[in-house]
Each structure stands twice: as C-alpha cells, then as structure tokens.
> 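Submitted below is the structure of interest, expressed as structure tokens.
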Protein chains: 2
Amino acid sequence: MPRSTRRRPELSHPAPEEIDLYDVLHALSDPTRMTIVRILRSEPERACGTFPVDVAPSTLSHHFKVLRESGVITQREEANRRFSALRVVDLERRFPGLLDTVLAALARNDGAAQGA
Amino acid sequence: MPRSTRRRPELSHPAPEEIDLYDVLHALSDPTRMTIVRILRSEPERACGTFPVDVAPSTLSHHFKVLRESGVITQREEANRRFSALRVVDLERRFPGLLDTVLAALARNDGAAQGA
DNA sequence: ACGCACTTTCGACGGATGTCGAACATCGCA
DNA sequence: TGCGATGTTCGACATCCGTCGAAAGTGCGT
C-alpha cells in the first residue's frame with residue numbers, strides 16, 4: 001500500500017486557550033520534566049535524545065508526552081527525530097509571567113548547585 | 001498525670017530556606033488545595049472547617065497537611081480549632097513573585113466563571 | 001459530668017504516576 | 001536490501017495520591 005506523506009499520527013497539542021493551569025503545574029512538579037523545560041528555555045528547539053537526563057528512553061518519551069499534552073512544549077517531527085520547543089508565546093498569553101517566575105524559582109531552589 | 005501546656009504534637013513546618021519548589025508546585029496542582037490558597041490570599045487566617053470545599057473532613061485534613069509540609073501555609077492551634085494562614089513572606093523571599101503569578105494564572109484559568 | 005463540635009489519625013481502596021524492558025516503527029546510509 | 005539510530009507503544013510493577021468512613025482526642029458549653 002502507498003505510503004502517505006503523513007503516516008504517523010498527529011501529535012496532540014492543546015489549543016492555547018485550553019491550556020490548564022493544574023496540568024501545567026503538575027507537569028512542572030517533576031524534576032526530570034523541569035530539567036527539560038529549563039534547558040529548552042535557552043534554546044529554540046532540541047531533539048529528544050539530546051537531553052542530559054538519566055532515564056530510560058521510554059521514560060523520557062513519557063515525560064515529553066506529559067509536557068506536550070499539558071501545553072508546555074510543542075513537538076515537531078523531522079525524519080526520525082522529534083524536536084521539542086517551549087510554547088513560550090502561548091504560555092505567556094495564557095498565564096503571563098508564569099514560566100519566567102517558575103524558572104527563576106527553580107534557580108533559587110537548586111541554589112548555587114547545578115547552575116544553568 | 002499533669003497535663004502540660006503543650007500536649008499536642010508540634011505542627012511540622014519547613015524552614016523558609018528549606019521550602020522545596022517541587023513540593024510547592026505539587027501542592028498547588030490540586031484544585032481543592034488551590035482553592036484553599038486562593039481564599040487564604042485575601043484573609044489573614046481562617047479556621048479549617050470554614051472553607052467552602054466539598055470533601056470529607058479527613059480529606060480536608062490531608063490537604064492541609066500537604067500544604068503545611070510543603071511550606072505554603074502555617075497552622076496555629078487555638079482551643080480545638082486550627083487556623084491556617086498563607087506563608088506569604090516566606091514564600092516571597094524564597095520564590096519571589098511565584099504566589100502572585102500562580103494566583104493570577106488561576107484567575108485566568110477559571111476564566112469569567114467562579115471568580116474570587 | 002456529659003455530650004457536642006472541630007480535627008486528626010488510621011486503614012482501606014481505586015486510580016494515577018514514574019519507571020523499566022521488550023518489541024515495533026521510521027528513516028538514513030552503506 | 002539490510003542495518004543502525006532515534007523514538008514510541010505496550011505491558012508490568014511498585015509507589016504515591018486523593019478519597020472516604022470509623023475511631024479517637026481535645027475543649028467548650030450545658
């Protein structure tokens with residue numbers, strides 16, 4: 001059978017207005033996911049496998065799904081790589097200042113240790 | 001045996017510097033607890049039983065414990081009532097702007113519905 | 001002294017969560 | 001065409017979470 005141009009299922013992202021605060025807070029309440037968000041803050045986008053988190057690939061995939069479905073990140077496919085990016089604009093519109101405040105809080109939480 | 005002035009176990013509160021961001025975010029990721037926080041924002045303190053949340057007393061007690069142990073609220077005993085108050089000063093010192101930003105986000109999350 | 005009102009603690013239960021390994025799918029390259 | 005790299009899905013598992021009811025503790029008022 002002919003392979004279509006879009007054979008993989010569409011990645012589900014919530015609409016900007018549908019982003020739920022509780023989902024976002026829950027997504028950010030996990031250290032692994034927070035690490036992903038922090039790194040993504042200083043880069044436009046990044047491939048999944050290139051994050052310095054110490055979990056199994058399947059676990060990482062799960063975390064990306066949580067972040068995506070909560071509206072924190074977008075994911076785009078290119079070849080067999082999946083690039084993730086923070087939804088800074090949408091988040092800022094929906095919950096002004098939230099992302100920056102939380103990331104600033106993260107810096108204080110980790111203190112002088114493990115900066116950047 | 002003589003009843004001491006402090007016969008009930010001390011309520012455990014984390015020190016201001018020990019308040020953990022992940023604990024706070026987790027505490028705030030529950031609607032019932034967020035409701036408590038929102039109400040407490042506009043009042044200096046309030047007795048446990050007077051919150052308009054629709055859960056069993058034991059469940060409510062559990063939520064207060066989570067909020068207290070994460071450092072979001074303080075609890076003070078007076079007779080057989082327990083009064084709760086937001087740790088606004090400590091939270092502001094530890095994570096500047098976090099509380100206000102999250103509560104502002106909550107207002108947007110709930111939209112025009114169920115204000116204040 | 002008795003009982004009522006306010007809360008907590010305990011035990012239980014169903015559901016969600018984070019984690020992993022194994023298997024599968026897709027793409028690029030030799 | 002076949003292999004390796006990248007990621008996902010599935011099933012399993014232990015743990016945690018929110019919820020409740022029953023029981024117990026404490027203080028106030030009658």
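Remember, it's a predicted structure, so these values are computed and weren't measured experimentally. Letters A, B, ... mirror the listed sequences (proteins, then strands); counts begin at 1.
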> Tell me the interatomic distance from Ile36(A), atom CD1, to dG18(C), atom P, rounded to whole angstroms.
12 Å

> How long is the gap from CG on Leu103(A) to CZ on Arg38(A), to the nearest 0.5 Å?
9.0 Å

> Any residue in residues 44-51 of chain A with a heavy atom nearer than 4.0 angstrom to DNA chain D? Just list them by number, or reply none.
Ala47(A), Cys48(A), Gly49(A)

> Looking at Arg82(B), does any N or O in its side chain come under 4.0 Å of the phosphate oxygens OP1/OP2 on dC6(C)?
no

> Sequence neighbours excluded, which residues qualify as side-chain contact (heavy atoms from CB on, under 4.5 Å) partners of Pro31(B)?
Tyr22(A)

> List for me each residue that meets side-chain contact (heavy atoms from CB on, under 4.5 Å) alongside Ser12(B), sequence neighbours excluded, and say none if there are none.
Arg68(B), Glu69(B)

> Nearest 0.5 Å please: distance from the CG atom of Asn109(A) over to the CZ atom of Phe95(B).
4.5 Å

> My understanding is that only residues two or more places apart in sequence, or in another chain, count here; which of them pass side-chain contact (heavy atoms from CB on, under 4.5 Å) with His26(A)?
Ser29(A), Arg33(A), Ser29(B)

> To the nearest Å, give me how far apart CD (Glu77(B)) and P (dC28(D)) are.
12 Å

> Would you give me the side-chain donor-acceptor pairs under 3.5 Å for residues 50-61 of chain B, sequence neighbours excluded?
from: Thr50(B); atom 1: OG1; to: Arg46(B); atom 2: NE; distance (Å): 2.9
from: Thr50(B); atom 1: OG1; to: Ala47(B); atom 2: O; distance (Å): 2.7

> From Thr74(B) OG1 over to Glu45(B) CD, what is the distance, rounded to the nearest 0.5 angstrom?
9.5 Å

> Report each atom pair, protein N/O against N/O of nucleotides 17-21 of chain D, whose distance is under 3.5 angstrom.
from: dG18(D); atom 1: OP1; to: Arg33(B); atom 2: NH1; distance (Å): 3.3
from: dG18(D); atom 1: OP1; to: Arg33(B); atom 2: NH2; distance (Å): 2.6
from: dG18(D); atom 1: OP2; to: Arg33(B); atom 2: NH1; distance (Å): 3.4
from: dG18(D); atom 1: OP2; to: His62(B); atom 2: NE2; distance (Å): 3.3
from: dT19(D); atom 1: OP2; to: His63(B); atom 2: NE2; distance (Å): 2.4
from: dC20(D); atom 1: OP2; to: Ala56(B); atom 2: N; distance (Å): 2.7
from: dC20(D); atom 1: OP2; to: Thr59(B); atom 2: OG1; distance (Å): 3.0
from: dG21(D); atom 1: N7; to: Ser58(B); atom 2: OG; distance (Å): 3.3
from: dG21(D); atom 1: O6; to: Ser58(B); atom 2: OG; distance (Å): 3.0

> Provide, to the nearest angstrom, the distance between the CG atom belonging to Leu11(B) and the C1' atom belonging to dG25(D).
15 Å

> Let's test your reading of the model: under 3.5 Å, does the base of dC27(C) pair with the side chain of Asn80(A) as donor and acceptor?
yes

> Atom CG of Leu60(A) and atom P of dC20(C): how far apart are they, to the nearest Å?
10 Å

> Measuring from atom OG of Ser70(B) to atom CG of Leu28(B), what distance do you get when rounded to the nearest 0.5 angstrom?
7.0 Å

> Can you tell me the distance, in whole Å, between the CD1 atom of Ile73(B) and the P atom of dT7(C)?
12 Å

> For Arg81(B) and dC4(C), what is the distance between atoms CZ and P respectively, to the nearest whole Å?
18 Å

> Phe64(A) has an atom CZ; how far is it from atom C1' of dT19(C), in whole Å?
16 Å

> Salt-bridged, Glu78(B) to Arg76(B), with N to O below 4.0 Å?
yes

> For Leu67(A) and dG7(D), what is the distance between atoms CG and P respectively, to the nearest whole Å?
15 Å

